[in-house]
There are 2 protein chains.
Amino acid sequence: MTAKSAPTPRNTPAEPTDKLLHQFVGYNMKRAYMQIQDDMSETLAPLGLRIGTFSALAVVMGSPGISQTQLSQMLNIKRSGVVVVVDELERASVLERAPVEGDRRAYSLVVTPAGKRLWQKAEKAVQAHEAALFSGLNAQEVLTLQDLLGRAARSAGRQRRENSS
Amino acid sequence: MTAKSAPTPRNTPAEPTDKLLHQFVGYNMKRAYMQIQDDMSETLAPLGLRIGTFSALAVVMGSPGISQTQLSQMLNIKRSGVVVVVDELERASVLERAPVEGDRRAYSLVVTPAGKRLWQKAEKAVQAHEAALFSGLNAQEVLTLQDLLGRAARSAGRQRRENSS
DNA sequence: TATTGTTATACTCTATAACTATA
DNA sequence: TATAGTTATAGAGTATAACAATA
């Protein structure tokens, strides 16, 4: 090496590396997810959504009438966490807690007309943003990534359930 | 179980779905990462490590003498966050803050002999655990996943830097 | 003036536990 | 007794901002 630029500690390699970390799938997954998460948040902010509220809206759109407990299972969070998310979406008139006939404890979550319009916008915005985000990958590679991520999650989940039983 | 078990709200689809979410790479990435993160934590706990301290140890192992500022850049966290991690590792006698000759502001981070033995164990433990975790994927598929995750992260990072400039 | 490490503080996301009203 | 939703509280992880020592 010739021109040492920054005042670096003496016996440090010229360029510090995280090579030892990159061998692990978990680390690469974290790095990729963190990048995407930040970008996703910026995409959703103008629509008044966060990742959590966007996800909840997506599930209620796909499963109208779902209960909060069911929603918590779909999102893999606790019921107490769902309350906050639904409160926020209801305050924004995106969805409503409708009474369930036959069970006065539960709510039936339904998306309002305004909420449906918001979803159309949000879905398109995220689709467009992911397309730009993964411009370095071709269509087939994105499909492969989707498949492998899905199978990795299921594989890991199965592993965890077996170990805890 | 066969028969409908839980008292479900009336007009709910028989099985709620998160199909609308699964179209997004970001969501699949989050699901997979969350699964792996939980498992990773359980693997590291018996060794007295967390994901954050494990990652820092890995970087200092690969770049002995690195400064805290450099470490913060490698880990993509702030310098203030590094202090906590290094404090914890130093308290456990895993690494040390050595003085840097020529710059009395900075520290040169070095792994102790005990720290090196711990790293050998931790590296093997995580390798073994990832192997079990991804037993649903063959070797080639894991390599492909690694490649795509790396490229996705770089692609997303580039995208973000361009937009913010 | 700029940089290294540090501290104090705050924010986000999520979990736990206790509570209520129903069932 | 058990379940749906709620509330209060706490923890992990990270960010921001101000500071002391040093460059």
Side-chain angles (χ1 to χ4, degrees), chain A residues 5-9 12 16 30-31 33-35 37-38 40-42 44-45 49-56 65-91 95-109, chain B residues 4-10 12 16 30-31 33-35 37-38 40-42 44-45 49-56 65-91 95-109:
Chain A
S5 56
T8 314
T12 308
K30 177 171 186 174
R31 284 295 266 265
Y33 173 60
M34 291 305 176
Q35 293 277 10
Q37 188 185 42
D38 290 346
M40 184 80 137
S41 298
E42 289 172 19
L44 292 172
L49 292 170
R50 297 175 297 105
I51 289 177
T53 51
F54 171 82
S55 303
I66 194 176
S67 72
Q68 292 188 189
T69 294
Q70 289 174 314
L71 180 54
S72 79
Q73 290 160 352
M74 299 304 295
L75 296 176
N76 275 319
I77 60 176
K78 298 294 167 188
R79 281 173 302 154
S80 55
V82 168
V83 174
V84 180
V85 169
V86 172
D87 278 353
E88 187 174 331
L89 287 171
E90 195 171 39
R91 227 178 301 116
L95 53 76
E96 283 176 1
R97 289 172 162 103
V100 172
E101 7 176 353
D103 190 343
R104 286 190 299 171
R105 295 171 304 178
Y107 289 123
S108 173
L109 301 176
Chain B
K4 217 177 187 177
S5 55
T8 312
R10 279 313 80 120
T12 306
K30 177 171 187 173
R31 285 296 265 265
Y33 173 61
M34 292 303 177
Q35 293 277 9
Q37 186 185 42
D38 291 347
M40 183 80 136
S41 298
E42 287 172 20
L44 293 173
L49 292 170
R50 299 174 298 106
I51 290 177
T53 50
F54 171 81
S55 303
I66 194 176
S67 72
Q68 292 188 190
T69 295
Q70 288 175 316
L71 180 55
S72 79
Q73 289 159 354
M74 299 305 295
L75 296 176
N76 275 319
I77 60 176
K78 298 295 168 187
R79 282 173 301 156
S80 55
V82 168
V83 174
V84 181
V85 170
V86 172
D87 279 352
E88 188 174 331
L89 287 171
E90 195 171 41
R91 227 179 300 116
L95 55 76
E96 282 176 1
R97 289 172 162 102
V100 172
E101 7 176 354
D103 190 342
R104 286 191 298 171
R105 294 171 304 179
Y107 288 123
S108 173
L109 301 175

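Naming: A, B, ... by sequence-line order, numbering from 1 per chain.
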Checklist entry - Between A/Gln68 and D/dT6, is there a side-chain N or O to OP1/OP2 distance below 4.0 Å? => result yes

Next on the checklist: Of the options D/dG5, D/dT22, C/dT6, whose atoms approach the side-chain atoms of B/Arg104 most closely?
Outcome noted: D/dT22

Checklist entry - Within this structure, what is the CD-to-C1' distance between B/Gln70 and C/dT4, rounded to whole angstrom? => result 11 Å

Checklist entry - In chain order, what residues pass the side chain to side chain donor-acceptor pair (under 3.5 Å) check against A/Gln73, with sequence neighbours excluded? => result none

Next on the checklist: Does any part of the side chain of A/Gln70, heavy atoms only, come nearer than 4.5 Å to the side chain of A/Leu109, both counted from C-beta?
Outcome noted: no

Next on the checklist: Output the rounded distance in Å from OH (B/Tyr107) to C1' (D/dT22).
Outcome noted: 12 Å

Checklist entry - Rounded to the Å, how far apart are A/Gln73 CD and C/dT14 P? => result 16 Å

Checklist entry - Where do B/Gly65 and B/Ser108 come nearest, in terms of heavy atoms and distance? => result CA-OG, 3.2 Å

Checklist entry - Taking CG from B/Leu71 and P from C/dT4, how many angstroms apart are they, rounded to a whole number? => result 13 Å

Checklist outcome for this item: note: B/Asp38, atom CG; D/dA12, atom C1'; distance rounded to Å ~ 12 Å

Checklist entry - Does B/Ser67 place a side-chain N or O at less than 4.0 Å from the phosphate oxygens OP1/OP2 of C/dT4? => result no

Checklist entry - In whole angstroms, how far is the C1' atom of D/dT22 from the CD atom of B/Glu101? => result 17 Å

Each nucleotide N or O in nucleotides 14-18 of chain D that has a protein N or O under 3.5 Å away: list the pair and distance.
residue	atom	partner	partner atom	Å
D/dA15	OP2	B/Lys78	N	3.2
D/dT16	O4	B/Ser80	OG	2.8

Checklist outcome for this item: From the candidates D/dT6, D/dT3, C/dT6, the one with an atom nearest any side-chain atom of A/Arg97 is D/dT6

Checklist entry - Going from CD on B/Gln68 to CG on B/Leu75, what distance comes out if it is rounded to the nearest 0.5 angstrom? => result 11.5 Å

Under 3.5 Å donor-acceptor pairs involving side-chain atoms of residues 79-87 of chain A, not counting sequence neighbours:
residue	atom	partner	partner atom	Å
A/Asp87	OD1	A/Arg97	NH1	3.0
A/Asp87	OD1	A/Arg97	NH2	2.9

Next on the checklist: On a heavy-atom basis, which atom in B/Ser41 and which in B/Ile51 lie closest, and how many Å separate them?
Outcome noted: OG-CD1, 3.7 Å

Checklist entry - Is any side-chain N or O of B/Arg50 closer than 4.0 Å to OP1 or OP2 of D/dG13? => result yes

Checklist outcome for this item: The nucleotide from D/dA2, C/dT4, C/dT6 with an atom nearest the side chain of B/Val83 is C/dT6

Checklist entry - Between B/Val100 and B/Ala106, which heavy-atom pair has the shortest distance, and what is it? => result CG2-O, 3.7 Å

Checklist outcome for this item: To the nearest angstrom, the CG-C1' distance between B/Asp87 and D/dG13 comes to 16 Å

Item to check | Whole-Å gap separating P (C/dC13) and CD (B/Gln37) | outcome: 15 Å

Checklist outcome for this item: Regarding the side chain of A/Ala106, the nearest nucleotide among D/dA4, C/dG5, D/dA23 is D/dA4

